Structure formats: structure tokens, C-alpha cells
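To start, the structure itself, in C-alpha cells.
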Amino acid sequence: MLDPQLFRTDLEDVVAALAGRGYAFDVKRYRKLEAQRKELQVEVESIRAARNQQSKKIGKMKAAGENAELILQEVAGLGDQLAAAEQVLEKVQVDLDGLLHSVPNLPANGVPDGFNEEQNKELRTWGKIKSFDFEVSDHVDLGTALGQMDFEVAAKLTGSRFVVLKGQLARLHRALIQFMLDVHTEQHGYSETYVPYLVNRDSLFGTGQLPKFEEDQFCATEDDFFLIPTAEVPLTNMYRRVITPAEQLPIKMVAHTPCFRREAGSYGRDTRGMIRQHQFEKVELVQLVHPEHSVQALEELTGHAERILQLLELPYRAVALCKGDLGFSANKTYDLEVWLPSQQCYREISSCSSYDTFQARRMQARYRSEGDKPQLLHTLNGSGLAVGRTLLAIMENYQTTMGEIVLPAVIQPYMGGQRQLSPI
RNA sequence: GGAGAGGUGGCCGAGCGGCUGAAGGCGCUCCCCUGCUAAGGGAGUAUAGGGCGUAAAACUCUAUCGAGGGUUCGAAUCCCUCCCUCUCCGCCA
């Protein structure tokens, strides 16, 4: 969330910045609630102060063996007055919190203007798009022909948007995870972390998925736990209500987890294949940094994700999301999009974002420099990479006319030296 | 799942209805003393929110002793619910 102080001091600027990303802030409602809040809070606190003072007096009188009857009667009325005022304040505070909690982050400097995907800005492309001298298949046809990818049996087990992988393809899927983790831990300085896949409401609130996006989450209602939509949630929330000594920053963590998303509202999109699933694997990078370093950190983190694509020799491009395409909590996002021959276009395979203090404020994740007060730190994260999409990108980009899949050199050691996948 | 014990400040630990934002100790910061080291003396040492302030400070109010409710003029202290930790038993990958 944004600093409530910012709304009080720079309302105009905040509203303008929000309009830039297509968010209409209800200024009238805010002004009204904030005015009420202020008045009521002052009232409640002054009643409370009066009561505390009197109660203390009663204590002292009783200790001295005096009769406190008179004051006691006087104070009795305060209790009801206080309760009534508190109730009204509570209601206003809840409304105000609700309003502020659903306000998205402000775009960072330099984020391109625009309200939708078309206005995102391509920054660079990498790798050579292969030309095939035969009709390319998509990963569904390739996987089915291999006899190692089965959507129908997954549908029987659960429903749509799930997949079963078998044999060498399942192994490749696992190998990609190992490979990514190895690169990030050994070359990029991330600390490997294993985390819960079920989290509570506080955690989802901390990273910004709640309260606004509850319908996108899978909930274990019995316990009020949620299946994580990304490892960002448990990783970042490890530092919820923690004050980290400044010299321990940056904190860099990497985790492989499954991710679960209901994909509500995307019923018609990417219904074929592994692009959009309810369950998928991801290797996630998270950094907690000193505010002065977050701009640089986003560039680095994005580079770390790009490194995986480069090592796998998959053509991709990097895109800066425009203001209107930013996620709720992000102030800046770079998407990495991998080339898919079957679709003749680039598709998202990684999303790297910085959040300035937006998540940190919700989580109260802070750092402290020697002798200073605790300050909110900055959070960042990015996929390094989405594993399912990496798998299908390899299948499509490395297919042969015989329907085999040639394995990128770096992955072969993880496949027992095997050099290609062939039909079972 | 059964039985028990607990959750207090950076840490240890007292308190079990008022004078306790919280004794005492450790740690940390500053000052004094001692020619180093060790020891000693003194002061300070939470976080968040509000009001007032151009800002910082100062001042002032409020909240916080696992979380949420309740009793009371007044709750760290009494009652209820929940969460977490530990010990023993059972079960289990």
C-alpha cells in the first residue's frame, strides 16, 4: 500500500499518478472518510486520556484509603461515551483502510505511458529466431506424439488446465528446475530456500494478493490457508514484521515451488496446452534491498532471469510494461518473452518487478542502519523462469522434422548425457 | 489424535487488578574515573499512530506484555476463543 501520509500531503499528485496507470481514485470519498477519521480519532483519544487520568486518580485515592465514590460516578459515564465514539471510528477506519488497501502502486519514473499491452515498450531482443524448413508443430502435438504429455488423463484426475508429463519429458521438466536453481545459487548469489506451499491471509495481504484478488487464489477453506500463486508470497513474507540490520542487505533468495492460480476471468485464453495452467512450477527470485539500490537491483535481477534463457539458447525479448499494464503492487516491471515458433510471436516467460515500499509497508518489513530508526526496505522479485513455459519453449524451438526434441547443451548433463527426446 | 507446560522489551527474566511502558540482569550508546588490559561510577537505551508544527526537533495524547473478544472506573495480571512453541504418549512420509 501507499503511505497514508502521502494522501494527506500530496493528494493531487497521487491522484494524477494513479490516473496515469488507469486507476480512478475516489477523491471525494477519501476526503470525507479522512476528515471523519481525524475528527473521531481526536475525540476518542481525548476521552480515553480523560478516563485514564481519572482511573489513575481512583487508584491513588484507594491506596491512600480515601473515598473515591465521587470520581467513580464521574468516570462511569465516560465508558459509554467512549464505546460509542470508538464504534463510529472503527467503522470509518475500516472503510478508509479498505479504500487505501485497494489502491495500486504508483508507477516509477521512466515507466512508459500507456493503458494496455500494446503500449508496452520493447527494450531489446536476444538470439536468432530459427527458420524451419518444415511445418512446425506446437508443444501439444509434439508432446502427444512423443507419448509423454497427456492433458486428457489430467482432466480425468482433476479437470481442465492440468497436465500429466511422463518419461523423458517429465525428467526434462525436473532437469530444468535443477539447472535454474544451480545457476542462481552458484553464479548469481541467491540462497536456496524451501518454503510452505500453503500460506495464511496475512502473507497474501503482505505481497498484495489480498484483499483485491481473492478470487484468483485456491483456498483450503477448512483452515483458511491458500495455495501459493507464486513463491514470491512465502519468500517475501519471511521478512514480515522483521527488522533487518542494514549490513545484511541485500537478501537474495531463490525457491522452486509449484504455483496455483484459478485463472478466473481468463476462461477463453490459452485454453490449449501448457501455457496457462492451474498448477505450474516456477523458480522464483526474490530480493530485499536498501531503497537506494532497488533501481539497480531490478536490472540485475532481470539479467539473472535472462541468463537462463541465454544459456538455454532460447530467443527472447525484454519488454518494459507500460503504466496501465503494471500489476497491482509493482512500480516497474520488465517482462521477458520467449519466441514460440508455433505462434510466431513472443510469449511471457518471466516477469521481473520492483515494488519500492509498497509490499514492505503492508508487511512492515524493515531494515535499520546503525543508530537510525527502522525504515521500510524495498522488495523485488522475478521468475527465473516459469518452468512449464520453458519446457514448451524448448520443445517448440528445438523440434526436428522427425518430431524429436534436441536438448540444449547445458541441460544434457542434467539428463544423464542424453542429447534428444524421441518418441517412446 | 491424547496428556501436560508455556508465550512479557535486542536477549534473559520478575510481575498475577491501580503508583508497571513494564523491577532486576545481560547487551548496546554516551560521560566520568583508573597511565594500557581488567575492574568501577553515572546517564541513556522499544515500536506504531494521532494532535500541534513549513520540515526536523520539541511538546502532547493514544495504542502495544502471542492474537481476538469479554468483565471492570481501571487488565501484562481475571474469564472465553483462537494461534504458536516445548515435553511425553500414539500415529505417520
Side-chain angles (χ1 to χ4, degrees), chain A residues 1-13 30-31 33-101 194-206 210 219-226 234 237-248 258 357 359-377:
Chain A
M1 67 193 268
L2 300 172
D3 187 353
Q5 206 71 50
L6 209 58
F7 287 95
R8 295 189 199 124
T9 56
D10 299 303
L11 187 58
E12 310 266 304
D13 293 344
Y30 168 75
R31 281 224 169 88
L33 286 170
E34 172 60 14
Q36 289 178 329
R37 188 229 101 226
K38 186 162 164 175
E39 193 189 324
L40 287 163
Q41 183 166 345
V42 169
E43 186 191 341
V44 163
E45 290 188 355
S46 70
I47 297 176
R48 217 152 20 204
R51 187 206 60 190
N52 288 351
Q53 218 171 2
Q54 298 295 69
S55 291
K56 224 163 232 183
K57 219 183 279 177
I58 292 171
K60 280 183 183 155
M61 289 178 80
K62 285 204 166 169
E66 294 171 44
N67 189 339
E69 244 349 276
L70 226 82
I71 305 184
L72 237 143
Q73 280 175 9
E74 199 186 313
V75 177
L78 281 182
D80 296 336
Q81 231 186 92
L82 180 62
E86 274 176 338
Q87 212 177 356
V88 185
L89 174 61
E90 169 75 9
K91 165 96 174 65
V92 169
Q93 195 67 63
V94 165
D95 288 352
L96 192 58
D97 286 348
L99 182 66
L100 296 186
H101 288 165
Y194 172 80
V195 293
Y197 302 157
L198 285 164
V199 296
N200 58 31
R201 280 182 185 273
D202 287 346
S203 294
L204 281 168
F205 176 81
L210 289 183
C219 182
T221 49
E222 194 78 3
D223 302 283
D224 211 28
F225 291 155
F226 294 83
N237 274 281
M238 283 171 62
Y239 288 85
R240 175 150 46 90
R241 290 197 294 269
V242 171
I243 300 172
T244 308
E247 61 271 19
Q248 283 176 25
T357 56
Q359 293 181 326
R361 183 169 294 104
R362 289 172 159 247
M363 292 190 299
Q364 285 303 301
R366 296 173 291 176
Y367 71 95
R368 190 205 298 267
S369 306
E370 192 69 28
D372 270 354
K373 290 210 147 218
Q375 305 279 327
L376 295 171
L377 46 72

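Just so we're clear, the structure is a prediction, and the values are computed from it rather than from any experiment.
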Have a look at A:Arg366 and say if it touches a base, only the backbone sugar-phosphate, or nothing, with a 4.0 Å heavy-atom cut-off. sugar-phosphate
Sequence neighbours excluded, the answer for side chain to side chain contact (heavy atoms under 4.5 Å, CB included) partners of A:Glu247 is A:Pro245
Considering heavy-atom distances to RNA chain B, does A:Ala49 or A:Lys60 have its closest nucleotide positioned more toward the 5' end? A:Lys60
How far, in whole Å, is B:U8 from B:A67 if one measures between their P atoms? 10 Å
Just to verify, what does A:Glu86 make a side chain to side chain contact (heavy atoms under 4.5 Å, CB included) with, not counting sequence neighbours? A:Val44, A:Arg48, A:Leu82
Rounded to the nearest Å, what distance is computed from the CD1 atom of residue A:Ile58 to the C1' atom of nucleotide B:G17? 13 Å
A correct dot-bracket answer for RNA chain B, with pairs being Watson-Crick or G-U at under 3.5 Å, [ ] for crossing pairs and | for inter-strand pairs, is ((((((((.[[[..)..(.....]]]((((((.......))))))((((((.......)))))).[[[[[..)....]]]]])))))))....
Spacing between A:Ile47 atom CD1 and B:C73 atom C1', to the nearest angstrom: 15 Å
I'd like the C1' distance from B:U60 over to B:C83, given in whole Å. 36 Å
Sorted by chain and residue number, the ring-ring contact (aromatic ring centres under 6.0 Å, His included) partners of A:Phe7 (sequence neighbours excluded) come out as A:Phe25, A:Tyr30
Whole Å only: how far is the CD atom of A:Glu222 from the C1' atom of B:C83? 16 Å
If you measure from CD1 on A:Ile58 to NZ on A:Lys56, what distance do you get to the nearest 0.5 Å? 13.0 Å
Once you apply a heavy-atom cut-off of 4.0 Å, does A:Arg361 come out as touching a base, just sugar-phosphate, or nothing? nothing
What's the spacing between A:Arg362 CZ and A:Met1 CE if we round to 0.5 Å? 7.5 Å
Would you measure the distance from the C1' atom in B:C52 across to the matching atom in B:U45 and give it in whole Å? 27 Å
B:U87 to B:G70 separation - C1' atoms, rounded to the nearest Å: 32 Å
Taking atom P in both B:A57 and B:C65, compute the distance separating them and give it to the nearest angstrom. 26 Å
What is the distance, to the nearest angstrom, from the CD atom on A:Gln375 to the P atom on B:A56? 13 Å
Could you give the side-chain donor-acceptor pairs of residues 92-100 of chain A under 3.5 Å, partners two or more places apart or in another chain?
residue, atom, partner, partner atom, Å
A:Gln93, NE2, A:Asp97, OD1, 3.4
A:Asp95, OD2, A:Lys91, NZ, 2.8

The side chain of A:Pro374 is closest to which nucleotide in this list: B:U47, B:U62, B:C19? B:U47
Look at the side-chain N and O atoms of A:Lys57 and state whether any lies under 4.0 Å from the OP1 or OP2 oxygen of B:C19. no
Min side-chain heavy-atom separation A:Asn52-A:Ser55 under 4.5 Å: no
Let me spell it out: for each of A:Asp3 and A:Arg48, pick the nucleotide of RNA chain B with the closest heavy atom. Which residue's pick is nearer the 5' end? A:Asp3
Atom CZ of A:Arg240 and atom P of B:C83 are separated, to the nearest Å, by 17 Å
CG-CZ distance between A:Leu2 and A:Arg361, expressed to the nearest 0.5 angstrom: 7.0 Å
So, taking the atom named CZ in A:Arg368 and the one named CD in A:Gln375, what distance separates them when rounded to the nearest 0.5 Å? 10.0 Å
Partners meeting side-chain hydrogen bond (donor to acceptor under 3.5 Å, both in side chains) with A:Asp224 (sequence neighbours left out): A:Arg201
Inter-residue atom distance A:Leu204.CG - A:Leu210.CG, 0.5 Å rounding: 4.5 Å
Check this one for me: any side-chain N or O of A:Arg368 less than 4.0 Å away from OP1 or OP2 of B:U47? yes
Specify the separation, in whole Å, of atom CD of A:Glu39 and atom P of B:U62. 19 Å
Can you see which heavy atom on A:Leu11 is nearest to which on A:Arg31, and at what distance? CD2-NH2, 3.6 Å
Grab the CG-P distance between A:Leu72 and B:U72 for me, whole Å please. 13 Å
C1' atom, B:U71 versus B:G9: distance in rounded Å? 28 Å
If the condition is side chain to side chain contact (heavy atoms under 4.5 Å, CB included), which residues does A:Gln5 pass it with, not counting sequence neighbours? A:Asp3, A:Arg8
Whole-angstrom distance between B:G15 and B:G21, as gauged at atom C1': 14 Å
Residues two or more places apart in sequence or in another chain: which of them pass side chain to side chain contact (heavy atoms under 4.5 Å, CB included) with A:Glu39? none
About how many Å separate CZ of A:Arg366 and NZ of A:Lys373, when rounded to the nearest 0.5 Å? 9.5 Å
Is there a residue in residues 80-99 of chain A whose heavy atoms reach under 4.0 Å of RNA chain B, and which residues are they? none
Who pairs with A:Tyr239 by ring-ring contact (aromatic ring centres under 6.0 Å, His included), at least two apart in sequence or on another chain? none
From NZ of A:Lys56 across to P of B:C19 the rounded distance in Å is 6 Å
Check nucleotides 50-53 of chain B for protein N or O atoms closer than 3.5 Å to its own N or O atoms and list the pairs.
residue, atom, partner, partner atom, Å
B:G50, OP1, A:Arg8, NH1, 2.2
B:G50, OP1, A:Arg8, NH2, 2.8
B:G50, O4', A:Gln41, NE2, 3.0
B:G50, O3', A:Arg37, NH2, 3.1

Which atoms of nucleotides 74-77 of chain B (N or O only) lie under 3.5 Å from a protein N or O atom, and what are those distances?
residue, atom, partner, partner atom, Å
B:G74, O4', A:Ser55, OG, 3.2

Roughly how many Å apart are B:G42 and B:G24, using the P atom of each and rounding to a whole number? 13 Å
